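One structure is given here, and the rest of the page talks about it.
Note that the structure is predicted; figures quoted are calculated from it, not measured. The chains referred to below are lettered A, B, ... by the order of the sequence lines, with proteins before strands, and numbering in each begins at 1.
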Protein chains: 2
Amino acid sequence: MIKTPYLLFLGDAPDQLAAKVAIGIRDWRPDNAVGQFRMEGCGADLGLTDMSLEEAKAAGAKTLVVGVANRGGVISKEWKKVLVTALEEGFDLASGLHNLLRDEPDLVAVAEATGQELHDVRIPEVEYPIANGKKRTGKRCLAVGTDCSVGKMYTALCMDAEMRERGLKSTFRATGQTGILITGDGVPLDAVIADFMAGSVEYLTPDNDDDHWDHIEGQGSLFHVSYSGVTMALIHGGQPDALVLAHEPTREHMRGLPEYTQPSLEELRDMALGLAKVANPACQVIGISVNTQHMSDDDAKAYLAKVEADMGLPATDPFRYGAGKLVDALEAI
Amino acid sequence: MIKTPYLLFLGDAPDQLAAKVAIGIRDWRPDNAVGQFRMEGCGADLGLTDMSLEEAKAAGAKTLVVGVANRGGVISKEWKKVLVTALEEGFDLASGLHNLLRDEPDLVAVAEATGQELHDVRIPEVEYPIANGKKRTGKRCLAVGTDCSVGKMYTALCMDAEMRERGLKSTFRATGQTGILITGDGVPLDAVIADFMAGSVEYLTPDNDDDHWDHIEGQGSLFHVSYSGVTMALIHGGQPDALVLAHEPTREHMRGLPEYTQPSLEELRDMALGLAKVANPACQVIGISVNTQHMSDDDAKAYLAKVEADMGLPATDPFRYGAGKLVDALEAI
């Protein structure tokens with residue numbers, strides 16, 4: 001287990017999106033985040049108190065969490081200086097980067113010398129099976145996106161929280177580093193070996209009570225060529241009963257792929273549902289989750305109303321306006 | 001490099017399909033296969049001379065190739081006895097199993113003591129990039145199947161051979177252990193980390209002459225829930241200009257998944273083409289490759305004629321009747 005509370009390391013994140021991991025921890029486990037550590041040129045700001053390592057230590061922080069994701073996930077020299085100092089000052093380190101803490105000899109040496117721990121939450125700790133496709137008991141909901149980083153995890157977390165508030169049986173199932181750091185458990189899906197991806201999702205979402213819902217954290221997008229295989233494994237390994245379409249309307253192109261435009265919600269619905277029915281013929285698209293963070297309240301509400309009319313499905317921004325509509329739709333199944 | 005020729009180890013393969021790796025080597029590099037080694041209960045027979053280790057050694061074999069694939073790929077105790085003896089008698093070992101030779105301490109110890117080599121062709125030897133989706137020069141063809149093990153690799157090998165016979169520019173691009181054992185190069189896609197799958201396919205099929213075709217070895221099926229994520233990565237990483245639909249008409253259910261039936265060729269066409277157009281809007285389905293090995297000549301020809309009429313596309317069994325029709329269709333693009 002990772003020791004809490006955390007100091008959230010934002011490094012030199014180019015923008016707010018790159019600090020997704022830290023933002024997730026702040027929003028879903030605020031008690032675990034005593035402050036943020038930012039380097040020169042950092043383009044992200046979580047609105048937490050900026051702290052030096054010393055100040056965070058005095059405030060009780062036990063672990064420095066690398067709350068920033070780069071493409072490819074490399075630990076730069078500039079980061080390294082901070083991480084080494086943190087170990088020397090008595091912090092554990094936790095990270096979800098591809099570039100593992102344990103693969104850096106200097107970090108390993110300092111951690112050993114100081115008795116501090118290195119946590120790579122990206123590393124699978126289980127030998128996952130190959131998926132067998134057998135129908136499981138219980139219900140599962142998966143958000144699929146028009147793009148990466150459009151709010152799939154938040155959708156699942158919001159729906160899970162809303163269901164538990166209503167006294168319904170629900171579990172958030174983490175498939176990425178942020179989710180794992182938030183819940184302390186899950187499958188680091190993008191680090192799983194190709195052949196075992198779908199099997200790891202079956203493992204993550206086992207048989208359950210008939211009225212229990214798993215809210216599976218989505219990854220990537222069927223329309224994002226870098227990561228679509230991971231999304232595919234979630235759809236077939238998760239055998240969802242319900243799909244939520246997740247969308248960010250102000251995106252000008254697919255994240256990281258300037259040559260690619262986003263699909264429409266109709267295209268996403270048809271593609272995702274067609275594939276989901278392979279594993280679960282009863283699967284339904286139950287609603288739409290719109291990430292309206294870059295829209296005014298008026299614009300957001302007008303957009304949601306238009307989407308509801310166009311698609312004939314409930315639409316909300318679950319983080320801004322609550323997940324009630326989506327949970328209503330699940331309860332109606 | 002793996003030393004040739006080989007003795008092909010079939011172990012206790014339950015059936016002929018399980019010996020796919022060995023069959024591929026026999027068919028495409030017959031000079032490399034001096035014989036087959038079968039254990040009690042072996043349900044596969046390649047029609048090669050059955051040899052003891054001693055006989056194969058005398059016939060010149062240098063490497064014992066594990067030419068059989070199990071679900072999960074475990075090296076059993078019974079197999080281990082043969083493999084250890086082979087090392088002691090002067091063979092190298094080569095394998096494409098998930099269960100690596102190098103992860104078996106006894107095999108490693110005996111290999112070191114005897115000076116023999118262990119080759120795990122399943123292990124990626126390159127740090128693949130994350131896919132960037134950028135359009136590449138040259139042309140690419142990918143076979144997609146209604147199921148796993150329906151003849152996608154043979155289709156690519158047949159088309160590659162036919163093109164080279166016609167003096168056209170063509171390369172077979174291996175993505176699995178058999179292909180890698182046949183060609184000595186490729187990407188062991190099912191062992192690649194999820195996030196890098198599509199990038200590894202981009203790496204495998206780089207920029208090339210405008211009139212050069214890569215024939216990419218297919219994997220899995222969009223309709224096989226265990227492996228569909230791997231297929232997805234091939235479609236988006238390979239950004240194919242041409243798709244060939246691969247089908248085995250006598251299959252009663254999806255391989256290894258008794259609860260799942262095969263899709264129709266129409267369903268496969270629509271699903272695969274829709275997804276392929278995300279990466280390459282110009283992609284076309286150019287023909288159909290039918291694996292007729294379990295059909296009489298009359299039945300096969302009647303079936304192919306019906307498929308051609310129904311689908312409006314050239315259909316052949318490229319291994320039985322030649323890949324001419326499919327290459328004609330490629331040349332017409």
* From CA spacing to verdict: side-chain contact (heavy atoms from CB on, under 4.5 Å), B/H236, A/H224 -> CA-CA 8 Å; B/H236 282 170; A/H224 194 295; over 6 Å; no
* **B/E266 CD: over 12 foreign heavy atoms closer than 6.0 Å** => yes
* Proximity of residues 273-284 of chain A to chain B, residues having a non-hydrogen atom under 4.5 angstrom -> A/G274, A/L275, A/V278, A/A279
* Gap separating the CD1 atom of A/I130 from the CG atom of B/D190, nearest 0.5 angstrom -> 8.5 Å
* Sidechain-backbone polar pair: B/S226 side chain, A/N132 backbone, donor-acceptor under 3.5 Å -> no
* Asked: Hey, which of B/G133, B/G199, B/A233, B/A198 has the most heavy atom pairs under 4.5 Å with chain A?
  -> B/G133
* Structure fact -> Of B/L222, B/I235, B/D195, the largest count of non-hydrogen pairs under 4.5 angstrom with chain A goes to B/D195
* To do: Return the minimal non-hydrogen interatomic distance between B/A131 and A/V225, and the atom names on each side.
  => CB-O, 4.3 Å
* Taking all non-hydrogen atoms of both residues into account, name the closest pair between B/M197 and A/A194 and its distance. => SD-CB, 3.4 Å
* Straight-line distance of B/K134 NZ to A/Y260 OH, nearest 0.5 Å -> 9.0 Å
* **Test: A/E259 and B/K135 ion pair at under 4.0 Å** => no
* To do: Pick one of side chain, backbone, both or neither for A/Q239, based on which atoms fall under 4.5 Å of a heavy atom in chain B.
  => side chain
* **Interface moiety of A/V192 toward chain B, non-hydrogen atoms closer than 4.5 Å** => backbone
* In terms of heavy-atom proximity below 4.5 Å to chain A, should B/F223 be classed as side chain, backbone, both, or neither? -> both
